[in-house]
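Here is the structure we will look at, set down as structure tokens.
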Amino acid sequence: MPDVVKDHIVNGNCQSPNGGVVTGEITVKYYAVALLIGLSSPAVNADNTIRLSEPVAKTEHTETFGSALDMRLPQVSLAALKAQPQDYLEAPFQVTTRIAKVCQKKGCFFIAQQDDVTIRVSFKDYGFFIPTDSGGKEVTLAGTLIKKTMSAEQAAHFRADLNDGNPALVPGEVYEIVAQSVRIPLRS
């Protein structure tokens with residue numbers, strides 16, 4: 001039971017915020033609130049993996065987060081995105097890449113890597129997250145490339161969320177993939 005609720009329960013009775021003791025039906029309400037608070041905690045597995053989104057599709061071997069993966073989109077490489085970014089701005093594509101690092105706070109972004117090319121991947125409208133144990137897995141994603149300005153504070157915040165000083169996270173003008181869909185294998 002969360003400490004905030006324990007602090008209000010004294011000898012089987014509930015203590016109101018102003019110090020009075022309340023019993024009976026109110027006690028049940030306090031316990032119900034305690035249960036709801038416990039159930040609304042982030043989904044953390046026994047191995048400390050955080051999973052804040054459910055997959056939209058699941059097979060024996062993969063999970064897909066966001067929306068269904070559109071396999072009709074043109075396949076590109078991170079090297080092509082980095083070499084000719086203007087050719088891919090705001091145009092949907094798919095890329096198969098290794099997840100180098102995942103945000104360890106919520107799984108709200110990751111660093112994609114192919115050979116020595118890295119790029120930050122965020123999720124459309126902050127609408128879904130991936131499991132925090134997805135690092136090292138080769139994924140297929142559908143998304144678009146955007147150009148944005150990353151402040152020094154944002155770069156520092158992202159590096160802290162990764163527990164890493166990743167070179168893909170530097171202040172200034174950067175390119176980033178905004179994914180609508182990410183298909184992740186269940187095993188590396």
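Because only heavy atoms are used, hydrogens play no part in the values below, and waters and symmetry mates are left out as well, while side chains stay in.
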Legend entry - Side chain Gln113, main chain Asp115, donor-acceptor under 3.5 Å: yes
Legend entry - Point-to-point distance, once rounded to the nearest 0.5 Å, from OG1 of Thr62 to CD1 of Ile184: 9.5 Å
Legend entry - Main-chain N/O of Pro185 paired with Lys137 side-chain donor or acceptor, under 3.5 Å: yes
Inset, instruction - Indicate yes or no: at least one non-hydrogen side-chain atom of Val121 is less than 4.5 angstrom from one of Leu141. - result: yes
Legend entry - Backbone N/O of Val170 and side chain of Gln154: donor-acceptor pair under 3.5 Å: no
Legend entry - Pairwise side-chain contact, Arg183 with Leu69, heavy-atom cut-off 4.5 Å (strictly under): yes
Legend entry - Residues Glu176, Lys148: salt bridge by 4.0 Å N-O rule: yes
Inset, instruction - Can you measure from CD1 (Ile146) to OG (Ser122) and round to the nearest 0.5 angstrom? - result: 5.5 Å
Inset, instruction - Indicate, with yes or no, if the rings of Phe128 and Phe65 have centres closer together than 6.0 Å. - result: no
Inset, instruction - Would you check, one step at a time, whether the test side-chain hydrogen bond (donor to acceptor under 3.5 Å, both in side chains) holds for Thr149 with Glu173? - result: CA-CA 5 Å; Thr149 301; Glu173 293 293 314; 2.5 Å; yes
Inset, instruction - Verify whether one side chain among Gln75 and Thr96 offers a donor that lies under 3.5 Å from an acceptor in the other. - result: yes
Inset, instruction - With side chain to side chain contact (heavy atoms under 4.5 Å, CB included) as the test, would you mind laying out the steps for Thr64 and Thr59 before giving the verdict? - result: CA-CA 9 Å; Thr64 302; Thr59 70; over 6 Å; no
Legend entry - Check: Lys106/Tyr126 side-chain N/O donor and acceptor closer than 3.5 Å: yes
Legend entry - Common cluster, Phe93/Val178, ILVMFWY with side-chain heavy-atom separation under 4.5 Å: no
Legend entry - Side-chain (Gln114) to main-chain (Ala112) donor-acceptor, under 3.5 angstrom: no
Legend entry - Closest contact, heavy atoms only, Val56 versus Ala68: CG2-N, 4.0 Å
Inset, instruction - Check for a donor-acceptor pair, side chain of Thr132 on one end and backbone N or O of Ile50 on the other, with a separation under 3.5 Å. - result: yes
Legend entry - Proximity of Phe109 and Phe158 rings by center, below 6.0 Å: yes
Inset, instruction - State yes or no: do Val76 and Leu89 share one hydrophobic cluster built from I, L, V, M, F, W and Y residues joined by side-chain heavy-atom distances below 4.5 Å, directly or via other members? - result: yes
Legend entry - side chain to side chain contact (heavy atoms under 4.5 Å, CB included) evaluation trace for Glu90 with Leu145: CA-CA 6 Å; Glu90 304 296 331; Leu145 190 68; over 6 Å; no
Inset, instruction - Can you see which heavy atom on Leu73 is nearest to which on Gln94, and at what distance? - result: O-NE2, 3.1 Å
Legend entry - same_hphob_cluster(Ile119, Val117) at 4.5 Å side-chain heavy-atom cutoff: yes
Legend entry - Straight-line distance of Cys108 SG to Ile130 CD1, nearest 0.5 Å: 9.5 Å
Legend entry - Closest non-hydrogen atom pair between Phe110 and Val139, with its separation: CZ-CG2, 4.3 Å
Inset, instruction - Output yes when a side-chain donor or acceptor of Lys82 lies under 3.5 Å from a complementary backbone atom of Ser77, and no otherwise. - result: no
Inset, instruction - Using a cut-off of 6.0 Å, state whether more than 12 heavy atoms not belonging to Gln86 lie near its atom CD. - result: yes
Inset, instruction - May I ask you to test the Thr144-Ile177 pair for a side-chain heavy-atom distance under 4.5 Å? - result: no
Inset, instruction - Kindly state each residue pair satisfying salt bridge (Lys or Arg N to Asp or Glu O under 4.0 Å) with at least one member in residues 91-100, sequence neighbours excluded. - result: none
Inset, instruction - Report yes or no: do Ser181 and Ser67 form a side-chain donor-acceptor pair below 3.5 Å? - result: no
Inset, instruction - Look up atom SG in Cys103 and atom CZ in Arg120, then write down how far apart they are to the nearest 0.5 Å. - result: 8.5 Å
Legend entry - Heavy-atom closest contact (Ala80 atom, Tyr88 atom, distance): O-CE1, 3.6 Å
Legend entry - NZ/NE/NH1/NH2 to OD/OE distance under 4.0 Å, Glu63 and Arg51: yes
Legend entry - Side-chain donor/acceptor of Gln180 to backbone N/O of Gly66, under 3.5 Å: no
